[in-house]
Every structure is written in structure tokens, then in C-alpha cells.
Student: 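My questions all concern the structure below.
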Amino acid sequence: MGITTVGQLLDHAPRRYIRRGRIQALTELVAGERTSFVARVESSSTRRMRSDPRRSLTDVIVCDDSGASLKITFFNAYSAQKDLPVGSLALFTGKPEYYRGELAMTGADYAPVDTPESVLDATSDTGELLPIPVYPEAGKLTTPKLTRVLHQLLLTADLDSLPDPLSPELLAAQDLPPLGQAYRDLHRPETVAAYELARRRFRFQEAFVLQTELMRRRAEHAARPVDPRPPRPDGILARFDAALPFELTPGQREVGEQIAAELAGTAPMNRLLQGDVGSGKTVVALRAMLQVVDNGGQAAMLAPTEVLATQHHDKITAALGPLAAPGQLGGDPLATGVVLLTGSMPAAARRRALLDAASGAAGIVVGTHALIQDTVQFADLGLAVVDEQHRFGVEQRDALRAKAGQAPHTLVMTATPIPRTVAMTVFGDLDVSTLRELPGGRRPVETFVVGLAEHGPAWERRVWALAAEHVARGRQVYVVAPKIGDDAALPPFTSLRASLEAQQEDPEPATVTWLEELVAAQPELRAARTAVLHGRQDAQTKAGTMSGFAAGDIDVLVSTTVVEVGVDVPNATLMVVVDPERFGISQLHQLRGRIGRGEYASTCLLVTRAAPDHPARARLEAVAATTDGFELAEVDLQLRKEGDILGASQSGGRSGLRWVSALRDEALVARARTAAEAVIRADPDLSGHPVLRATIDRVLDEDRQAFLERG
Ligand code: ADP
Ligand code: MG
């Protein structure tokens with residue numbers, strides 16, 4: 001199980017508890033479910049195994065007051081034969097299975113008892129504990145074994161002298177038990193309330209330890225002053241602003257001012273900038289970089305992949321125009337160098353870029369995380385802009401900081417909306433800014449759920465009629481299917497609705513090939529130019545189709561989710577997603593981001609064959625109800641398993657949230673944060689809190705381990 005120390009064993013918390021009331025009668029047993037019951041031994045017999053005479057089987061038949069009986073078979077268990085004489089009473093724990101049509105059990109953990117009541121009234125003194133902890137198990141390390149080992153440990157270890165990372169004052173203020181008590185109540189609780197309180201303590205402790213570390217880092221950074229880099233009225237930023245072909249949105253302006261003020265100060269900025277794709281984060285980041293350049297500093301832009309780094313470089317160079325052409329004909333006198341650094345660059349170009357970074361000739365260096373961390377020297381790195389936080393963890397930020405001499409300001413950009421609790425826990429050392437509006441007068445997409453199960457065939461006809469209307473107005477339409485499919489296996493249905501009537505529930509997912517047929521069969525769409533796009537086509541075909549669609553030569557594009565990324569056709573105003581319940585919330589949100597990119601109002605139809613009470617319908621309604629990616633991220637968190645979300649956003653290197661739930665624990669995390677702030681304010685380097693400090697080190701170490709193991 002990866003448990004190598006007594007401390008780790010103590011931290012191996014029960015998954016759940018069988019409560020006192022859950023001791024079952026034999027009539028209530030369910031195959032495959034671990035259970036506990038009190039029963040009397042009716043008969044016991046031992047025989048040699050035919051296949052191996054050196055081994056034996058003991059069959060014990062037990063019965064209880066319900067009158068039912070159960071056969072329990074023990075392998076090689078002379079002790080079972082000895083411990084369970086006929087007529088004796090015991091508490092059994094095990095997992096019944098069907099054997100030749102009857103419930104039976106192979107092996108069981110047992111403890112002899114005096115009377116059934118003595119179990120039900122058991123307290124810790126009598127040795128039979130209720131509630132009964134149930135542990136995460138691995139192979140032969142079953143709950144009874146873990147229970148035995150832990151009981152042994154609780155009896156022998158001096159838990160009350162364990163150093164507690166939570167001070168007595170903090171425990172009192174938060175109304176939580178001390179560490180030793182919490183361990184006892186976790187592994188050997190006498191009441192439900194006791195283990196619940198213990199669990200609350202460990203949840204709080206985890207949040208508090210993490211928050212303290214985040215606050216400590218923050219204080220540490222703040223204590224290392226950096227050169228102020230105030231805005232200049234006559235510099236490259238002013239020149240850039242004057243030439244900007246659009247007005248900044250209020251959100252961009254507000255965040256811009258916030259960042260400008262932080263760059264002008266002496267505490268390093270640590271800011272997370274979140275906003276949907278296309279919300280205008282790049283402009284905000286570029287303006288920050290230019291302010292640093294105006295003060296003789298350099299900015300690095302870090303992207304997770306070479307492709308993205310190259311894209312950023314091209315975009316930034318284009319946006320700067322003459323301001324990115326120093327010393328060139330037509331270049332601006334204030335221009336600064338913008339260089340790209342990727343692993344696959346020709347050696348000569350790379351050397352030149354490295355030289356420009358080291359000499360300071362390049363004001364802006366764009367590259368992949370790895371490259372910039374490993375090889376680049378800067379003359380004066382003042383700002384690191386990191387695209388896509390989830391691939392760039394706390395440790396990488398530290399590495400960059402270390403190489404820059406003084407800590408650079410850090411601006412992290414992400415298009416993945418991060419719910420508040422996750423932001424507080426995983427990215428808690430960052431301040432968060434959010435861009436919520438779309439720039440350029442773009443209109444939010446209107447989204448509707450079209451439920452074919454409850455509405456008749458007329459609704460389906462209206463979907464295609466609407467598509468025809470958009471085409472007639474000169475606009476373009478996406479039709480999205482969850483699968484590609486192939487011609488050989490086209491379903492024999494002439495409409496989505498017909499498939500529903502024939503198949504009743506849970507129809508096969510719609511395919512691109514089938515939808516292409518359906519579109520072609522619509523009288524109104526007969527004149528429409530239709531094409532298909534999916535991942536099984538070769539690159540040339542795909543590129544041809546995409547450029548045809550972009551040029552307006554294709555009216556209706558039937559595709560899989562390949563359109564999810566990198567397609568920008570402002571003239572596309574309708575998206576029909578068929579079987580949208582096959583997609584997740586964020587995927588639908590991303591998909592719909594392909595429309596509403598121009599001046600025209602756009603509509604997204606989620607055409608579902610799922611029944612109105614199908615659980616996935618809630619997701620669809622949520623997507624239809626808001627275009628706010630952040631609100632959707634919260635809904636997503638509520639509706640699906642939170643582990644997915646934490647998992648994804650933690651891949652930056654922090655894996656250690658075992659107790660804290662992003663779903664439930666927002667208030668608890670906020671409390672822990674407040675408490676951590678107070679501790680750090682009074683004792684910034686934790687020199688007066690040695691135990692807390694050691695706990696932090698241990699937790700971080702385990703995290704790092706997990707991170708390394710994951711690769
Ligand atoms: P993000 O990085 O958040 O995905 P970008 O910064 O790339 O978004 O902006 C998306 C597009 O919107 C770009 O073409 C950009 O030039 C444009 N844009 C950004 N801000 C504005 C604005 N205030 N008004 C009009 N267009 C804008
Ligand atoms: Mg971007």
C-alpha cells in the first residue's frame with residue numbers, strides 16, 4: 001500500500017464506517033457486500049482437500065435468531081476449528097457470495113462473544129468496537145487485518161505525546177480534538193459523532209497546512225523587494241496603446257490597471273488571469289510585458305507546447321508591428337526584440353535568440369516552459385507570463401524565480417475556469433483576476449435544449465428549417481455528432497425522432513455519416529453546400545474542408561468535435577449539437593465557442609434524444625442557462641465527480657488533497673486560510689511553529705514524490 005511508517009499507517013483513514021445499526025441478520029446478507037453479523041456455530045467439520053492432502057478445509061455452519069443459516073469455509077484454519085466450537089457465539093465479518101445457488105462465505109474475520117447484546121452494546125472496554133471502520137484495502141491487506149494492526153498500534157503507541165501541527169489555541173478556536181484523540185476516534189471510534197469530529201479535524205488540518213505554506217510563500221516573496229517598474233507616459237506601451245485597433249473592454253482595463261500598479265510596486269506580483277478563450281487575455285499580458293520593457297526589463301512568455309509558443313510569438317510580433325522591429329527599416333525607435341525559443345529551432349537561430357535574451361536585446365522571449373527554465377539566461381527578467389496554469393506548477397514557478405536573480409513578477413493565464421475552492425487550495429498563493437466579457441461587441445450565444453423525446457417530430461423539422469434560414473441569410477452552420485460512423489452501418493432511420501420511436505431508450509449515438517444523410521434529405525437544405533469533417537480524414541482533406549468553410553464555400557459543416565479547437569469562422573451563426581448528452585459541460589461550452597465570433601447573433605441548439613428525466617439533461621440545461629464559463633465550472637463541479645476536476649487542475653504538481661473536498665469544503669478552506677494568514681502574519685518564517693513547519697515539509701515531500709512518480 002506504500003505505507004512504510006507508523007505515521008502513514010495512522011494516516012490510513014477508514015473509507016467508511018459500519019454503524020452499530022448495520023450489524024445484520026443473516027436474512028439480510030447481500031452477495032458481494034462486506035457485512036458483520038452475530039451468529040452461533042451449529043456445526044463444524046474439517047476435511048482434507050482432495051487436490052492436496054496436506055491442506056484442509058473447515059466448514060462452519062452458523063445460524064442466528066432470524067432462523068437463517070450460512071456456511072463459512074475456512075482454508076487451513078485449525079484455529080477456526082478450535083476457536084469456533086459448536087454452540088459458541090461470535091461476531092463475524094466477511095463477504096458472502098453465491099456458491100451453487102446459495103449464499104456462502106469463504107473465510108471470515110471473527111471474534112468470539114458472550115451474548116448478542118454484548119456486541120450491540122459493545123464499548124471500547126469490551127474490545128468489540130462499534131462503529132466498525134472499513135479501510136481502503138489492497139490484496140490481502142483486508143479491513144480485519146488493518147483493524148488488528150491499528151488496534152495494536154493504538155494500544156502501544158503514546159499518541160498523546162505526538163507533536164500536533166495544530167496549536168491548542170487553534171484547536172480551541174476551531175473546536176477540534178487534539179491529534180492523539182483524533183487518531184483514536186478515527187480508528188476506534190465509540191460513537192458516530194467521535195469519528196465525524198476526527199474527520200473534521202483532519203480535513204481542517206490538511207487545508208490549514210496547505211494554506212500556511214501558500215501564505216508563507218506569499219510572505220516570503222513579498223519580503224524580497226523587486227525594482228519598481230512604473231508605467232511611463234512616453235514609452236513603448238503608450239505607443240502600443242495609441243496604435244491599438246480597438247478599445248479595451250472595461251474588464252481588460254480594470255485588470256490592466258491592477259497589474260500596472262503591482263508592477264510599479266516592490267512586491268513581486270503573483271497573479272492568475274482567467275478568462276475564456278478569446279476573452280482578450282493576450283492583450284492584457286502583452287501590455288504588462290511592455291510596461292516592464294519600458295523600465296529596461298525583459299519579459300518571458302511560457303507556453304506548454306512548441307506549437308502554442310510559436311503561435312504566441314507570431315501573434316505578439318504581429319500585434320506589435322513596427323514596435324517589434326528594432327533597428328530595422330520602418331522599425332519604431334522604441335522597438336524591442338521579440339524572440340522565439342523552441343527545441344526544434346535550427347541551432348544558429350537558437351543561438352542568436354539565446355544571445356538576444358542574455359544581452360537584453362530581446363525585450364520579450366517566447367518559448368516552452370522547459371526551454372526557458374533550462375537554457376535561457378536573461379539580462380534582467382522582470383516578468384514571466386505563463387500560459388495555461390495547469391501544466392505549470394508551483395515548483396516550476398520557483399525554478400524560474402531562482403534563475404532570475406530577483407523574483408520576477410508572475411502572471412499566469414488560463415482559459416480553464418477554476419472554481420473558487422480549487423483556486424483557494426491549489427492556486428492559493430496567487431491573486432486571481434477574471435475577464436468575464438467578450439471583447440469586440442461580440443454577442444453571447446443563445447443556447448436552447450431541443451428535447452426530441454418529449455416533443456414531436458415537428459421540433460426536429462424546425463431544427464433543420466432554422467438551419468435553412470441561416471443558410472438563406474448567407475450564414476453558415478455547424479452540425480456536430482458524437483461519432484464518425486461509416487456508410488456500411490447507416491441506421492435505417494429517416495429522422496432522429498424515428499430512431500427514438502424504434503429503439504425506445506438509449507439509442508446509438510448519432511454519427512457524422514448519418515447526419516450527413518439526414519441533412520441531405522431535408523427539402524429546405526437541398527441547395528445548401530454540405531461537407532463533412534472528422535478525425536479519420538487525412539490532413540489534406542481536413543485542411544481543404546476547413547479552408548472551404550472559412551472562405552464561405554461550404555454552408556453546412558457536419559463534423560465531430562474536431563471543430564472544438566482552433567476554428568475561427570465569424571460567419572458561422574448556428575450550431576446544432578446532436579446527442580449533446582454524450583459531451584461534458586466544458587466540452588459543450590468549448591464547442592459553442594466556435595460560433596458567436598462575429599457581429600451576428602448566434603444560436604446553439606442542443607438536440608437531445610434523452611428523456612426529460614435523464615440525469616444528463618441537467619447538464620444540458622446548465623449549458624443553456626448561462627454562457628459564463630465560471631458559473632458552468634461550478635455547476636460541473638456540483639454535477640460530476642469532483643476528483644476529475646481536482647485531478648486535472650492539480651497536475652501542476654500538487655496532488656495531496658486527501659481530505660478536503662472542493663465540493664463541500666469551501667467554508668472550511670476559507671476558515672483555514674484566515675487562520676493561516678494570522679499565523680504567518682505573526683511568524684512569517686514559522687520559526688515559532690516547528691511542528692507545523694515539519695508537517696508542511698513532509699506533506700510537500702509526499703506531493704513531490706507523487707508528482708515524480710506520475711512523470
Ligand atoms: P485569449 O488570449 O484570452 O484567448 P486573445 O487575447 O487572443 O484572447 O483575444 C482574442 C481576439 O480578440 C484577438 O484577435 C484579439 O485581438 C481580440 N481582442 C482582444 N481584446 C479586444 C478588444 N478589447 N476589442 C476587440 N477585440 C479584442
Ligand atoms: Mg490565448
Side-chain angles (χ1 to χ4, degrees), residues 237-260 271-291 299-305 307-324 338 340 364 366 368-369 383-392 410-418 432-445 550 563-572 586 589-600 602 627-630 632-633:
L237 174 55
R239 205 63 77 91
F240 173 78
D241 279 347
L244 206 57
F246 47 73
E247 285 215 20
L248 295 177
T249 64
Q252 284 172 320
R253 215 171 305 128
E254 188 185 320
V255 175
E257 279 163 19
Q258 217 167 19
I259 294 173
R271 188 162 285 281
L272 177 68
L273 175 57
Q274 47 178 6
D276 269 354
V277 173
S279 60
K281 297 183 294 295
T282 310
V283 185
V284 171
L286 182 53
R287 293 186 67 252
M289 293 194 263
L290 294 178
Q291 182 172 332
M301 172 105 171
L302 283 63
T305 66
V307 173
L308 282 173
T310 308
Q311 267 177 21
H312 277 310
H313 174 261
D314 295 349
K315 262 207 225 167
I316 288 173
T317 310
L320 287 176
L323 290 171
V338 180
L340 175 68
I364 296 175
V366 185
T368 55
H369 297 161
L383 169 67
V385 175
V386 182
D387 193 19
E388 287 304 334
Q389 162 68 17
H390 57 271
R391 310 254 193 115
F392 192 78
T410 311
L411 181 65
V412 176
M413 305 195 291
T414 175
T416 314
I418 298 167
V432 180
S433 302
T434 302
L435 291 177
R436 283 179 185 272
E437 3 108 285
L438 294 177
R442 270 190 269 153
R443 299 207 232 163
V445 176
V563 295
E564 199 182 325
V565 284
V567 183
D568 190 0
V569 181
N571 193 48
S586 60
H589 184 58
Q590 290 273 341
L591 264 177
R592 138 177 100 169
R594 296 298 117 209
I595 53 174
R597 303 181 72 83
E599 63 200 283
Y600 311 106
S602 294
T627 52
D628 186 329
F630 302 93
L632 284 175

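As the structure lists them, so they are numbered: ligands from 1, and atoms in each ligand from 1.
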Student: Check whether any side-chain N or O of Q252 sits under 3.5 Å from a backbone N or O of G280 as a donor-acceptor pair, and report yes or no.
Tutor: yes
Student: Heavy atoms only: give me the nearest T627-V445 pair and the separation to one decimal.
Tutor: CG2-O, 3.3 Å
Student: Considering only heavy atoms of L248, which atoms of ligand 1 have at least one such atom less than 4.0 Å away?
Tutor: 23 (N)
Student: Looking only at non-hydrogen atoms, find the nearest pair between R597 and R594 and report the distance.
Tutor: CD-O, 3.4 Å
Student: Could a heavy atom of K315 be found less than 4.0 Å from some atom of ligand 1?
Tutor: yes
Student: What about G280: any of its N or O atoms under 3.5 Å from an N or O on ligand 1?
Tutor: yes
Student: So, for A309 and A303, which heavy atoms are closest and what is the spacing to 0.1 Å?
Tutor: N-CB, 3.6 Å
Student: Taking all heavy atoms of Q274 and all of K281, pick out the closest pair and write down the distance.
Tutor: C-CD, 4.3 Å
Student: Report the part of V283 in contact with ligand 1, treating N, CA, C, O as backbone and CB onward as side chain, heavy atoms under 4.0 Å; options are side chain, backbone, both, neither.
Tutor: both
Student: Could you list which atoms of ligand 1 come closer than 4.0 Å to a heavy atom of E247?
Tutor: 22 (C), 23 (N), 24 (N)
Student: Under 4.0 angstrom from ligand 1, any heavy atom of G275?
Tutor: no
Student: In Å and rounded to the nearest 0.5 Å, what is the CG to OG1 distance from D314 to T310?
Tutor: 6.5 Å
Student: Just to be sure I'm reading this right: ignoring hydrogens, which of T249, T282, L244 gets closest to atom 6 (O) of ligand 1? Compare them by their nearest heavy atoms.
Tutor: T282
